[in-house]
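Within every chain, numbering begins at 1; the chains are lettered A, B, ... in the order of the sequence lines, protein sequences first and strands thereafter.
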Protein chains: 2
Amino acid sequence: MNDRDHLKGLGEFIRTQRELANLSLRQLADLAKVSNPYLSQVERGLYKPSAEVLKQIAKALHLSAETFYHQAGLLDEDVRNEAADAVESSIKLDPRLTPEQKETLIRVYRGFVGVDR
Amino acid sequence: MNDRDHLKGLGEFIRTQRELANLSLRQLADLAKVSNPYLSQVERGLYKPSAEVLKQIAKALHLSAETFYHQAGLLDEDVRNEAADAVESSIKLDPRLTPEQKETLIRVYRGFVGVDR
DNA sequence: CCCATTTGCTTGGTAAACTTAGCATGCAGC
DNA sequence: GCTGCATGCTAAGTTTACCAAGCAAATGGG
């Protein structure tokens with residue numbers, strides 16, 4: 001098991017978030033005040049960004065720094081799979097969703113993770 | 001105004017905590033798995049430790065990593081829509097989902113709640 | 001006193017984070 | 001066709017986090 005596997009995960013996570021925000025690599029790099037080649041390398045898992053860079057990226061994407069630290073494995077706690085139930089329960093608790101929409105989302109989610117309840 | 005001033009604050013903070021715990025520099029260095037010269041330099045504000053080192057130090061001192069990140073100025077911002085974003089962030093953190101699946105789920109979710117970011 | 005141990009620090013080096021300049025492709029308008 | 005601009009990437013360099021070895025001052029026991 002490569003030590004840098006979780007790094008790659010972090011990079012993919014950043015790239016996904018960037019694309020969800022419809023930002024180009026250069027745009028995000030400017031917002032986060034890092035060079036674009038460096039961001040490129042981070043997203044491909046070649047380097048692990050410092051916490052400050054993570055913080056800037058988080059800010060640029062309007063996400064919490066905690067989210068990124070967690071993804072980067074920088075927050076000590078529990079590698080528990082409570083994350084799985086977190087998706088379903090947060091869906092169930094979201095007041096903006098109708099019951100039908102909740103059901104749809106959970107179905108899609110379970111299809112992805114292969115849960116069979 | 002020197003850029004390293006807040007760094008010095010962090011170093012002093014670490015040193016204070018270490019002394020409060022009655023640990024020698026070398027002892028804490030061992031616990032945190034860093035070299036003792038390096039810890040010495042960190043405490044005097046010469047270097048800014050990575051988040052991982054901070055995490056190890058926090059653990060060794062039985063303090064929360066958040067405390068240190070905050071002290072290091074790595075955590076300040078953005079405590080906003082915590083509840084409203086619960087669905088999205090839990091999706092993002094779910095290790096069983098591929099980036100593509102996360103993207104799909106979030107798109108569906110945003111479609112439902114009518115978010116436009 | 002002497003020796004051992006512990007304290008924090010300096011020096012010199014390596015590896016990795018991060019930058020600047022530039023390359024290649026793709027797409028818009030002319 | 002070109003031209004210009006945006007995209008992401010590579011190559012080569014600088015900076016800095018971090019380590020191993022070792023040094024000087026203090027402490028304490030014999």
Euclidean distance, atom [atom1] of residue [X] to atom [atom2] of [N] [Å, nearest integer]:
| X | N | atom1 | atom2 | answer |
| --- | --- | --- | --- | --- |
| A:Glu52 | C:dC18 | CD | P | 8 Å |
| B:Tyr47 | D:dT16 | OH | P | 9 Å |
| B:Asn22 | C:dT7 | CG | P | 12 Å |
| A:Tyr38 | C:dA16 | OH | P | 13 Å |
| A:Arg44 | C:dA17 | CZ | C1' | 15 Å |
| B:Gln27 | C:dT6 | CD | P | 10 Å |
| A:Gln41 | C:dA16 | CD | C1' | 11 Å |
| B:Asn36 | C:dT6 | CG | P | 13 Å |

Can you tell me if the side-chain N/O atoms of [X] get under 4.0 Å from OP1 or OP2 in [N]?
| X | N | value |
| --- | --- | --- |
| A:Ser50 | D:dA17 | no |
| A:Ser40 | D:dG8 | no |
| B:Arg18 | C:dG8 | yes |

Could B:Arg44 and B:Glu12 be called an ion pair, given the rule that one side-chain N must be under 4.0 Å from one carboxylate O?
no
Residue pair B:Ala51/B:Arg26 against DNA chain D: nearer the 5' end by closest nucleotide is B:Ala51
Between A:Leu25 and B:Leu39, whichever has its closest DNA chain D nucleotide further toward 5' is A:Leu25
Quick one: closest heavy-atom pair of [X] and [Y], and the distance?
| X | Y | value |
| --- | --- | --- |
| B:Ala32 | B:Ala60 | N-CB, 4.3 Å |
| B:Arg18 | B:Leu25 | NH1-N, 3.1 Å |
| A:Gln71 | A:Leu10 | CG-CD1, 3.9 Å |

Report the nucleotide, chosen from [options], that has the shortest atom-to-atom distance to any side-chain atom of [X].
| X | options | answer |
| --- | --- | --- |
| A:Pro37 | D:dC9, C:dC18, D:dG8 | D:dC9 |
| B:Arg15 | C:dG8, C:dT19, D:dA17 | C:dG8 |
| A:Ser35 | C:dT20, C:dC9, D:dC9 | C:dT20 |
| B:Ser24 | C:dT20, C:dG8, D:dG8 | C:dG8 |

Report yes if some heavy atom in the side chain of A:Val53 is under 4.5 Å from a heavy atom in the side chain of A:Leu39; otherwise report no.
no
